[in-house]
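Just so you know, these numbers come straight off a predicted model, no measurement behind them. Below, chains carry the letters A, B, ... as their sequence lines are ordered, and counting in each starts from 1.
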There are 2 protein chains.
Amino acid sequence: MTRIDDVARAAGVSTATVSRALRGLPMVSESTRRRVLDAATRLGYSASPSASRLAGGRTGGVAVVVPRITRWFFSTVVEAAEESLHEAGYDVLLFNLGGSEQARLKLLHTGALRQRADAVMLISMPLLAEDFAAVSQLELPGVTVSSGTPVPGWPSIRIDDVGAARKAMDHLIGLGHTRIARICGESSDELAFTTHVDRRRGYLEALTRAGITPDPALEVEGSLDLAGGAAATEQLLARDAGFTAIFATCDEAAMGALTTLRRHGLRVPEDVSLVGIDDHDLAPAIGLTTVAQPAAEQGRRAVQTLLAPAAPQRDVLLPTHLTVRESTAAPARTLDG
Amino acid sequence: MTRIDDVARAAGVSTATVSRALRGLPMVSESTRRRVLDAATRLGYSASPSASRLAGGRTGGVAVVVPRITRWFFSTVVEAAEESLHEAGYDVLLFNLGGSEQARLKLLHTGALRQRADAVMLISMPLLAEDFAAVSQLELPGVTVSSGTPVPGWPSIRIDDVGAARKAMDHLIGLGHTRIARICGESSDELAFTTHVDRRRGYLEALTRAGITPDPALEVEGSLDLAGGAAATEQLLARDAGFTAIFATCDEAAMGALTTLRRHGLRVPEDVSLVGIDDHDLAPAIGLTTVAQPAAEQGRRAVQTLLAPAAPQRDVLLPTHLTVRESTAAPARTLDG
DNA sequence: CTGAAAGCGCTTACAG
DNA sequence: CTGAAAGCGCTTACAG
């Protein structure tokens, strides 16, 4: 390992000057800087992160926290954020909570994070009342993505969830559907994760505006993934409430619904229309109509906001748009359960 | 921030003893250890990673390198590896190469990695001849997952790709297919990434064993993802070579094929049978027949092997199995192009 | 614009 | 089993 002293000696300057020159600080003459850069390159020098961190107080890392990296939205946000962060010279520390309450507590309620990251990016993290205190004690800059419970003082990047849900619903209503089920999203959850609450609100608002009375029998809660969508649809069918369309809170839930419908011999869209939110990579493969949200863009904007020197925009809402494919059609016959 | 001195003072011992006690080293009496632990807990102390790293020489991090975190296999491996690594007390440094040659070079051919990680996990990383030298100069322990080009001295975790491809093919052949196309996998690639080469070999072997002469017109190269599968299938149809089944090198390519087939009004399996390799989360949603591989298990085993104190098994082959769903059936009519 | 020196907060021989 | 002291490799005031 070549150290800073080696470079200093080779360039004929002090270590302080090497440090300044390499980090591009002002107060170094161009000729000196060039000599230092040359020596560093020649010796293949790169500063020890541990030493820099200890001496400088910065860790050079950003913690990226997701519920489940295996889900489309999260992996897409992380991929975009990772690229931006590495470009800016940061290490990316990945934390995949995986639904483990223990992992969540350890991360949030421990000094661990503050000592390993310069900033935090919380993606779709529901926070409890006591978490807010812990998060501010981190004394770290942060940003939330797609989080309905923004942290005071942190900017947030997200979409208008009420509006996105309304777009999906208006499409179904426009096709003539009146018995529209809603699956997934734990809106009764004490975490009050507004993504779920907002999408449900959009669902209810669209119905009401169209003069359709919401029917609680058409709503089934469940987790926002394949299994959740499959199970919710199973329940829905068991209720025999009569529906011609399903509004799934996200595309993966819609795909889960598809699995269950397929198992019951129901065709989409002939028997049931199906719409989601996301525009998952695989949505085209299954012809899923959905409301597209810019996931990668949210990751990039989050990093940008985090690293912005000036006062960043505090609450960024990115646009969504309806993408019609083959999973929706006019109802063939209305099953009034 | 409470530091080690604070704990030492509170416990009435030296910092050396605090250090030993907290890290569970021997040579500390039980009573002393207890006192130190108490003090540390009371003060909410946790050691500064930067300082530990600088003094101890360990970084406490493991670099996890993937081509694209948005693809099923990679996110699934990473999720499992992340859990195991955090359990073992390591930080997870994520590197998503995203096909950027620049990112790849920077990572492999720079001292950067050695100074930030104690070990490296390379997932499906094709390596060039010059990369091997760079990787060994890292002087870091490592492991490869699903990599056909194992690094000398590093253990590798993977599946038998030849065998997996044969299982898929034998299923199609057993159904009566003789005109079976193969899509995706750049086997001519100079990287000689054996995953592709091996799966192709399985394809050819299965044909030959069944007495079917391979037809080059039925093979289309392409990237192992949705877009690649869609484009390859488009090409395949344009060739008009006559086929009744498609063997896709991975499930995402199969899903891409599905998109194209759908666009051309072809039904699966009535017009074309389709089989992949992976058992992607969404395979059930689209009824895809596939050869399942244990992705999460590969992530866990990789970490286990990396952290194993004793001599680890050098080359671990995990089992695969055919999972029949609705995308395959006997050919209705053979289109002999 | 540049350098000498202290200090960041730990761990690790070395003694005892 | 425990402690005093050096050292890990940088960065940062402080001087000049």
Please round to the nearest 0.5 Å and tell me the distance separating atom CD1 of I157(B) and atom CD1 of I123(B).
11.0 Å
Test M121(B) against V77(B) for side chain to side chain contact (heavy atoms under 4.5 Å, CB included), laying out the working first.
CA-CA 11 Å; M121(B) 180 165 160; V77(B) 173; 3.8 Å; yes
Hey, are R9(B) and D6(B) close enough for a salt bridge, meaning a charged N less than 4.0 Å from a carboxylate O?
yes
Output the residues of residues 41-54 of chain B in contact with DNA chain C, where contact means a heavy atom of the residue under 4.0 Å from an atom of the strand; sort by number or write none.
Y45(B), A47(B), S48(B), A51(B), S52(B)
Heavy-atom distance under 4.5 Å between the side chains of R35(A) and T32(A), does that happen here?
yes
Taking a pair as Watson-Crick or G-U wobble with both distances under 3.5 Å, which nucleotide is matched to dA13(C)?
none
Hey, is the side chain of S19(B) poking within less than 4.0 Å of OP1 or OP2 on dC10(C), counting only N and O atoms?
no
With the threshold set at 4.0 Å, does a side-chain nitrogen-carboxylate oxygen contact exist between R71(A) and D281(B)?
no
So which one's nearest nucleotide on DNA chain D is more toward 5', Q115(B) or V28(B)?
V28(B)
Who does dA4(C) pair with, Watson-Crick or G-U, both distances under 3.5 Å?
none
Take the protein atom CE of M27(B) and the nucleotide atom P of dT12(C), then report the distance between them rounded to whole Å.
15 Å
Rounded to whole Å, please give me the gap between CG in L25(B) and C1' in dC10(C).
13 Å
Return the value, rounded to whole Å, for the distance between atom CZ of R114(B) and atom P of dC8(D).
17 Å
Give a yes/no answer on whether the side chain of T15(A) brings an N or O atom under 4.0 Å of OP1 or OP2 in dT11(D).
no
Closer than 4.0 Å, any side-chain N/O of R23(A) to the OP1 or OP2 of dT12(D)?
yes
Side chain to side chain contact (heavy atoms under 4.5 Å, CB included), that's the test. Do L22(B) and L37(B) meet it? Break it down for me.
CA-CA 7 Å; L22(B) 257 30; L37(B) 253 44; 3.4 Å; yes
Can you tell me if S14(A) touches the phosphate of dA4(C), counting only side-chain N or O atoms and a distance under 4.0 Å to OP1 or OP2?
no
Please assess I159(A) against Q298(A) for the test side chain to side chain contact (heavy atoms under 4.5 Å, CB included), listing each intermediate value before the final yes or no.
CA-CA 9 Å; I159(A) 60 168; Q298(A) 290 179 67; 3.8 Å; yes
CZ on R158(B) to CZ on R301(B), rounded to 0.5 Å
13.5 Å
S124(A) side, atom OG; L97(A) side, atom CG - distance, nearest 0.5 Å:
11.5 Å
Among residues 3-13 of chain B, which residues get a heavy atom nearer than 4.0 Å to DNA chain C?
R3(B), I4(B)
Rounding to 0.5 Å, atoms CZ (R42(B)) and OG1 (T2(B)) come to a distance of 10.5 Å
Taking side chain as C-beta onward, heavy atoms only, is T194(A) less than 4.5 Å from D161(A)?
no
Short heteroatom pairs, N/O only, protein and nucleotides 13-16 of chain C, under 3.5 Å:
| unit_1 | atom_1 | unit_2 | atom_2 | d |
| --- | --- | --- | --- | --- |
| dA13(C) | N6 | R20(B) | NH2 | 3.1 |

